[in-house]
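Report on the structure given below.
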Amino acid sequence: METILSINNLSKRYGRIQAVNRLSLEVTKSQVFGILGPNGSGKTTTLGMVLDLIRPDSGSFQWFGKEPSKESRKRIGAVIETPNFFPYLSARRNLEIVAKVKNFDNSDIDRVLQLAGLYDRRNDKFKTYSFGMKQRLALASALLNKPDILILDEPTNGLDPQGIAQIRRLILQVAGEGITIILASHLLDEVQKICNHVAVLNKGNILFSGDVKEVLAVSDCIELASKDNVRLKAAIEDHPAFHSIVESEGILLAVFSEDVRPGDISEYLHEKNVTLSHLAERKRTLEQHFLELLKDNQS
Amino acid sequence: MKLLTIELKKILPYKTFWIIIGLYFLFLALGIIMAEYIVNAMVDDVNKRLPIPLPHAVLFYFPDIWQNLTFFAGIRFVLIFPAIVIIILITNEFVNKTVRQNIVNGMSRTEFIVSKLQVVFLLALVITVILLLVMFVLGIIHSDSQSMSMIFSGFSFVTGFFIQMLTYLCYAFFVAFILRNTGLAIALFTLYTIIIEPVIYFLLRAPFMWENTVYTYLPVNAVIRIVEYPSIPALKKLMNFQLQDSVSLLSCTIPLMYSAVMIGIVYWTFNRKDL
């Protein structure tokens, strides 16, 4: 797999607060990579550093396997925090500036404006736009001339439900075209809906990272136990929807690649002559964990 | 050229830019008309007591027009307008956070600084050229054949004015990059130019009588003194004005050195600070 971004031990401190602490991660081609964490967990600081806005205290990062440069940034489309444009210029003129900075001609501007649903308002000044339109213009600007990677920092923050739906539809559309995406968000639900990989961040540290289905397993994660766990494990591994299994303190934690109900499993194991001593649907354990993190952070 | 094209895309549709530049030329024109009126009123007043009357002041004949118009275009209250334009254009980037977007989109920080310096240079050049054309036309209208023969003898004032404008705009560039806030930068810059430096002058001069030493080296004063006096013969007699035949190279060096240091500080801090 081609590596798009690799971060090695990146750190940044603001006074007494360690915003990012020896953070390392790797994003490969065609991943939709979520960075999930509560506000103040270091998401924006991390993205700011890899986009050359914030100077890291230590550590390094590479884009496309090379040292970062202005040329590598030209292959990145990024929406950072708030949409940043000249209020007195029209959407079109603002995008002409973006195109010029990135050394593109103006031929792709109409396409991205149409994609963002702003074509009819393209000649209106940016300051006349609603917040949702501003955010979509930011996305349009990031998508100009199909970047190799799209970076989105809280792209739905502050939007109404309709605006959120519009942005998410756009992101999924882009992901469908095979563009690599990094999405920072404090919304578990958003990361689950959009991403296939995730790193969970808290207080500048990565708590865990990996495939979204494994890390953020929801109802298709089932706890099992029996007198003979070896036989049980073998039986589960034969299940057609089997994905992965781990054992911990006499309890097996099974993940299935599609929605499998505990009742189905019970029936399935019964046919295989395995008697269960424990069966439970492990509901949103990580969401609970994540919510606790949020609580810790607020208190 | 690419960086300048980007800057022009930002500047040319910007109404505030045209309004303030328009105000600069408006105040300049009003200032010159009023100056001529006041000088002539003074001359009329004095002439009542003189057996041989002084001639009326005409500001617009060659070669004096070069010195007169560049003098009026360079006084504090007028020079501040283009500086405010530069402050607004640069702080806008920080206030709208478009500087971040520029960097993210693939501009290097050095390129960002260079693009703003190009605007500073271009604005100083365009104002000088417009002034040059105005002086040329007015000069031709008001000059007789004898003064026409001396048309280029005061041309160093035009070069001096360009340096004056260029360096003063560099100061504005510096203040904008350091403060990053439009209101604060304009307020401090205006306050410094119009009040703080004259007060320093007053305080230094009163006890020590250091008229031509310390004060000369204060940044804004060094700029103002490049074209220090107008060339109005009647005024010279009335008020014992010193003569200034041409712009001295030395008077240009001090503001140029200040500008170089300021650009250096901007380069150093902007490349290290977070955006």
Side-chain angles (χ1 to χ4, degrees), chain A residues 12-14 19 44-45 47-57 63 68-90 92-104 106 123 125-127 134 137-138 141-142 144-145 147 150-151 153, chain B residues 1-21 85 87-116 118-119 176-177 180-183 266-275:
Chain A
K12 177 74 180 182
R13 175 180 280 277
Y14 292 114
T44 301
T45 307
L47 293 183
M49 285 191 284
V50 297
L51 289 171
D52 198 34
L53 293 174
I54 298 171
R55 299 296 191 207
D57 295 335
W63 281 109
S69 69
K70 60 176 180 157
E71 294 312 320
S72 59
R73 290 202 300 282
K74 286 177 179 146
R75 297 167 64 185
I76 304 167
V79 178
I80 40 171
E81 289 184 291
T82 49
N84 308 323
F85 294 100
F86 287 95
Y88 58 87
L89 291 182
S90 68
R92 215 198 129 78
R93 284 210 157 120
N94 268 303
L95 291 191
E96 282 174 10
I97 291 174
V98 175
K100 193 80 191 169
V101 173
K102 292 192 164 197
N103 293 336
F104 300 144
N106 293 336
N123 293 322
K125 286 181 177 152
F126 177 69
K127 65 180 170 197
K134 287 177 177 174
L137 182 62
S141 146
L144 206 59
N145 287 54
L150 184 63
I151 293 182
D153 187 4
Chain B
M1 273 320 277
K2 180 195 150 193
L3 294 177
L4 200 56
T5 316
I6 293 169
E7 289 307 305
L8 291 178
K9 277 177 183 288
K10 294 173 184 174
I11 296 169
L12 294 181
Y14 190 32
K15 259 190 215 141
T16 313
F17 169 80
W18 295 107
I19 290 171
I20 300 177
I21 293 297
V85 165
I87 291 177
I88 291 175
L89 289 178
I90 293 173
T91 53
N92 263 355
E93 298 269 7
F94 291 100
V95 173
N96 298 325
K97 294 186 175 173
T98 40
V99 52
R100 307 182 72 192
Q101 207 65 50
N102 279 177
I103 302 297
V104 165
N105 288 341
M107 221 187 235
S108 73
R109 294 186 188 216
T110 305
E111 280 178 332
F112 186 80
I113 294 173
V114 169
S115 73
K116 297 302 172 197
Q118 288 180 348
V119 173
F177 262 96
R180 299 183 174 191
N181 175 303
T182 315
V266 166
Y267 180 83
W268 197 85
T269 53
F270 189 68
N271 268 296
R272 275 158 189 80
K273 265 191 181 174
D274 297 339
L275 292 177

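Residue numbers begin at 1 in each chain, while the letters A, B, ... track the order of the sequences.
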Checklist line | Engaged part of Thr5(B) at the chain A interface, taking heavy atoms whose separation is under 4.5 Å | finding: side chain
Item checked: Check: Arg55(A) side chain, Lys273(B) main-chain N or O, donor-acceptor pair, under 3.5 Å -> no
Margin query: Is Ile80(A) in contact with chain B via its backbone, its side chain, both, or neither, using a 4.5 Å heavy-atom distance?
Written below: side chain
Check: Within the distance-only criterion (no hydrogens, no angle test), does the side chain of Arg100(B) pair as donor or acceptor with the backbone N or O of Gly48(A) below 3.5 angstrom?
Finding: no
Check: Phe126(A) versus chain B, heavy atoms under 4.5 Å apart: side chain, backbone, both or neither?
Finding: neither
Item checked: Contact check, side chains of Asn103(A) and Lys2(B), non-hydrogen atoms, under 4.5 Å -> yes
Checklist line | Interface residue of largest heavy-atom contact number with chain B, from Leu144(A), Ile151(A), Ile97(A), Thr82(A), under 4.5 Å | finding: Ile97(A)
Check: Hey, is the main chain of Leu89(A) close enough, under 3.5 Å, to the side chain of Tyr14(B) for a donor-acceptor pair?
Finding: no
Note to self: To check you understand the geometry: which heavy-atom pair defines the closest contact between Asn102(B) and Val101(A), and what is its length?
What the structure shows: O-CG1, 3.9 Å
Check: Is it the backbone or the side chain of Glu71(A) that comes under 4.5 Å from a heavy atom of chain B, or both, or neither?
Finding: neither
Next item on the list: For the pair Arg93(A) (side chain) and Lys9(B) (backbone), establish whether a donor and an acceptor sit closer than 3.5 Å, ignoring hydrogens and angles.
Entry: no
Item checked: Whether over 12 other heavy atoms sit under 6.0 Å from Phe17(B) CZ -> yes
Notebook entry, point to check: chain A heavy atoms under 4.5 Å from Lys15(B): which part of the residue, side chain, backbone, both or neither?
Noted result: side chain
Note to self: If you count heavy-atom pairs within less than 4.5 Å of chain A, which of Leu275(B), Asp274(B), Thr16(B) leads?
What the structure shows: Asp274(B)
Next item on the list: Select one option (side chain, backbone, both, neither) describing which atoms of Phe86(A) are under 4.5 Å from chain B's heavy atoms.
Entry: both
Check: Atom NZ in Lys100(A), atom CE in Met107(B): separation rounded to 0.5 Å?
Finding: 11.0 Å
Next item on the list: Side chain from CB out, backbone as N, CA, C, O: work out which of these in Arg109(B) comes under 4.5 Å of a heavy atom of chain A, or both, or neither.
Entry: side chain
Note to self: So, taking the atom named CG in Asn84(A) and the one named CG in Asn105(B), what distance separates them when rounded to the nearest 0.5 Å?
What the structure shows: 10.0 Å
Notebook entry, point to check: What part of Lys12(A) lies closer than 4.5 angstrom to a heavy atom of chain B: side chain, backbone, both or neither?
Noted result: side chain
Check: Are any of the side-chain heavy atoms of Leu53(A) and Val104(B) separated by less than 4.5 Å?
Finding: yes
